[in-house]
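For reference, the structure discussed in these notes is given below.
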Amino acid sequence: MLVALLVFVALAAGYGVLYYMNHKTPVPEGCENLKAECEGCKVTSCEMHPVHDTSKGENEND
């Protein structure tokens with residue numbers, strides 16, 4: 001039980017450190033405004049997906 005708890009804590013700490021480091025990383029040149037070029041794909045959880053631009057109840061064909 002102790003080993004499982006230590007493994008979980010190590011994984012959670014590693015995730016936290018990597019998330020923090022990724023958040024601190026600057027956006028590469030040429031990638032500042034990707035939303036304008038994104039036409040959409042099947043990954044709707046991506047924050048760049050156009051489906052997030054429309055408010056609920058709004059029809060895209062209007």
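We count residues from 1, following the sequence as given.
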Are L11 and V3 grouped together when hydrophobic residues (ILVMFWY) are joined by side-chain heavy atoms under 4.5 angstrom apart? yes
For F8, which fellow cluster members are found when Ile, Leu, Val, Met, Phe, Trp and Tyr are connected by side-chain heavy-atom distances below 4.5 angstrom, either directly or through intermediates? none
Tracing side-chain links under 4.5 Å among I, L, V, M, F, W and Y, which residues wind up in one group with V27? none
